[in-house]
Q: 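Before anything else, here's the structure in question.
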Amino acid sequence: MPRPTTPLLSQAGIRAAALEIIDTEGLDGLSMRKLAAALSVSAPALYFHYPTKEQLLDDVASEIMEKVDTGDFVIGWREGLLGWARSYRAALAEHPNIVPFLARGPGQRDASLRRADAIHGGLVAAGWPAREATMIGASTKYLVVGAAMGSFSRGFVDDVQVYLDRYPALGDAHRLREHADAVDRDSFEFALSMFVDGLAARLGRISPSAGAAARSAPPAPATGASPPDPR
């Protein structure tokens, strides 16, 4: 049989090509015309599968969110929150350029809404009032998305002359870039653990039995080793 003159398209292939463009050129770098060129097809061929760029981005976002784990809420709210936050950050870290799109909210994406349902339901079942469960979900998202949007450590330059004399408290800031991955990872873990410990204390005040159960649960292990001390 003769080979088709037009390459066969699939939604999965379109999503993969779109994500590659986003990863290399940023969210604003993706256009249906550029995507069609990358796939060696005409733009109308893409519209058969994805009538709008927004629909395409929704499906790309859904694939990323499918990697986010909320299964530990069956163990307890603390384990669930830690597992969700860590897997969420890991999923976003693979594709940081799409984070601004994901930060807008779940919209009607089933993958995101199923996770929101599991998180809210797990928190309420553990004794959290519904309003506070909503705020815990939002606060955790702020922490994760903020960590994924950029690196604190890479915001400093590695030239010691920038900090000498004028900024005496930042005498070691030039070393942060060297240990950026470790510092950023452990800073996220520090903030997350402080947040969850504070929540456990609060739950103990509003629901003593639920708070006692949370405090008695062993903390979930953090991933990775501690970074070298830049001092």
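Residue numbers start at 1 and run along the sequence shown. This structure is a prediction, so every number in the text was calculated from the model and none was measured.
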Q: If you apply the rule side chain to side chain contact (heavy atoms under 4.5 Å, CB included), what do you find for Leu192 with Arg89, and how did you get there?
A: CA-CA 11 Å; Leu192 180 62; Arg89 179 175 181 255; over 6 Å; no
Q: Which atom pair, heavy atoms only, marks the closest approach of Trp77 to Leu203?
A: NE1-CD2, 3.4 Å
Q: Do you know the tightest heavy-atom contact between Gly13 and Leu39?
A: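 Of all heavy-atom pairs spanning Gly13 and Leu39, the closest is O-CD2, 4.3 Å.
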Q: So which heavy atom on Ile119 is nearest to which on Trp84, and how close?
A: CD1-CE2, 3.2 Å
Q: To the nearest 0.5 Å, tell me how far Asn97 CG sits from Ile21 CD1.
A: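 Here the interatomic distance stands at 12.5 Å.
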Q: Are any side-chain N or O atoms of Arg175 and backbone N or O atoms of Gly171, one a donor and one an acceptor, separated by less than 3.5 Å?
A: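 Between the backbone of Gly171 and the side chain of Arg175 there is no qualifying donor-acceptor contact (under 3.5 Å).
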Q: Heavy atoms only: give me the nearest Ser139-Phe195 pair and the separation to one decimal.
A: CB-CZ, 3.7 Å
Q: Which pair of non-hydrogen atoms, one from Ser62 and one from Ala111, has the smallest distance, and what is that distance?
A: O-CB, 3.8 Å
Q: Among pairs that include at least one residue of residues 64-75, which meet side chain to side chain donor-acceptor pair (under 3.5 Å), considering only residues two or more places apart or in two chains?
A: Glu66-Arg114, Glu66-Arg115, Lys67-Glu94
Q: Does one hydrophobic cluster hold both Ile136 and Ile206, with members joined at side-chain heavy-atom distances below 4.5 Å?
A: yes
Q: Name all pairs fulfilling the side chain to side chain donor-acceptor pair (under 3.5 Å) condition that reach into residues 8-26, sequence neighbours left out, sorted by first residue then second.
A: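 For residues 8-26, and leaving out neighbouring residues, the side chain to side chain donor-acceptor pair (under 3.5 Å) pairs sorted by first residue read Arg15-Tyr50, Arg15-Glu63, Asp23-His95, Glu25-Lys34.
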Q: Hey, what do you get for CG (Leu57) to CG (Leu19), rounding to the nearest 0.5 Å?
A: 10.0 Å
Q: Do Ile14 and Met32 share a hydrophobic cluster, counting only Ile, Leu, Val, Met, Phe, Trp and Tyr and linking them when any side-chain heavy atoms are less than 4.5 Å apart?
A: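 Both belong to a single hydrophobic cluster.
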Q: Treating Ile, Leu, Val, Met, Phe, Trp and Tyr as nodes and any side-chain heavy-atom pair under 4.5 angstrom as an edge, say whether Val144 and Met149 lie in one connected cluster.
A: yes
Q: For a side chain to side chain contact (heavy atoms under 4.5 Å, CB included) check, start with the C-alpha distance between Asp186 and Phe190, then their side-chain angles and the critical distance, and finish with the verdict.
A: CA-CA 6 Å; Asp186 283 12; Phe190 178 79; over 6 Å; no
Q: Can you establish whether the number of heavy atoms outside Arg104 located under 6.0 Å from its atom CZ is more than 12?
A: yes
Q: Measure across Ala91 and Val68 and return the closest heavy-atom pair with its distance rounded to 0.1 Å.
A: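 Of all heavy-atom pairs spanning Ala91 and Val68, the closest is CB-CG2, 4.0 Å.
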Q: Rounded to the nearest 0.5 Å, how far does CZ of Phe73 lie from CG of Leu123?
A: 5.0 Å
Q: Verify side chain to side chain contact (heavy atoms under 4.5 Å, CB included) between Asp159 and His174, making sure each step is shown before the conclusion.
A: CA-CA 6 Å; Asp159 182 358; His174 66 287; 6.0 Å; no
Q: Going by heavy atoms in the side chains, are Lys53 and Leu35 under 4.5 Å from each other?
A: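 Not in contact.
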Q: Starting at CG of Leu46, measure out to OG1 of Thr52 and round the result to the nearest 0.5 Å.
A: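 It comes to 12.0 Å.
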Q: Within the side chain of Arg177, is there an N or O that forms a donor-acceptor pair under 3.5 Å with the backbone of Arg154?
A: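 Between the backbone of Arg154 and the side chain of Arg177 there is a qualifying donor-acceptor contact (under 3.5 Å).
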Q: Counting C-beta onward and ignoring hydrogens, is there a side-chain heavy-atom pair between Gln55 and Tyr47 closer than 4.5 Å?
A: no
Q: Below 4.5 Å, heavy atoms only, C-beta onward: do Ile22 and Leu27 meet side chain to side chain?
A: yes
Q: Does the side chain of Phe101 reach to within under 4.5 Å of the side chain of Glu54, using non-hydrogen atoms?
A: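 Side chain of Phe101 against side chain of Glu54, heavy atoms only: contact under 4.5 Å found.
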Q: In Å, rounded to the nearest 0.5 Å, how long is the span from CG of Leu113 to CD of Gln108?
A: 8.0 Å
Q: Just how far is it from atom CG of Asp58 to atom CG of Asp110, taken to the nearest 0.5 Å?
A: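 It comes to 11.5 Å.
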Q: Test side chain to side chain contact (heavy atoms under 4.5 Å, CB included) on Leu102 and Val145; report intermediate values, then the result.
A: CA-CA 9 Å; Leu102 283 165; Val145 171; over 6 Å; no
Q: Evaluate the side-chain proximity of Leu199 to Leu81: yes if any heavy-atom separation is below 4.5 Å, no if none is.
A: yes
Q: Taking the six-membered ring for Trp, are Phe156 and Phe152 parallel (under 30°), tilted (30 to 60°) or perpendicular (over 60°)?
A: perpendicular
Q: Are Leu176 and Val157 co-members of a hydrophobic cluster defined by side-chain heavy atoms under 4.5 Å apart?
A: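 Shared cluster, yes.
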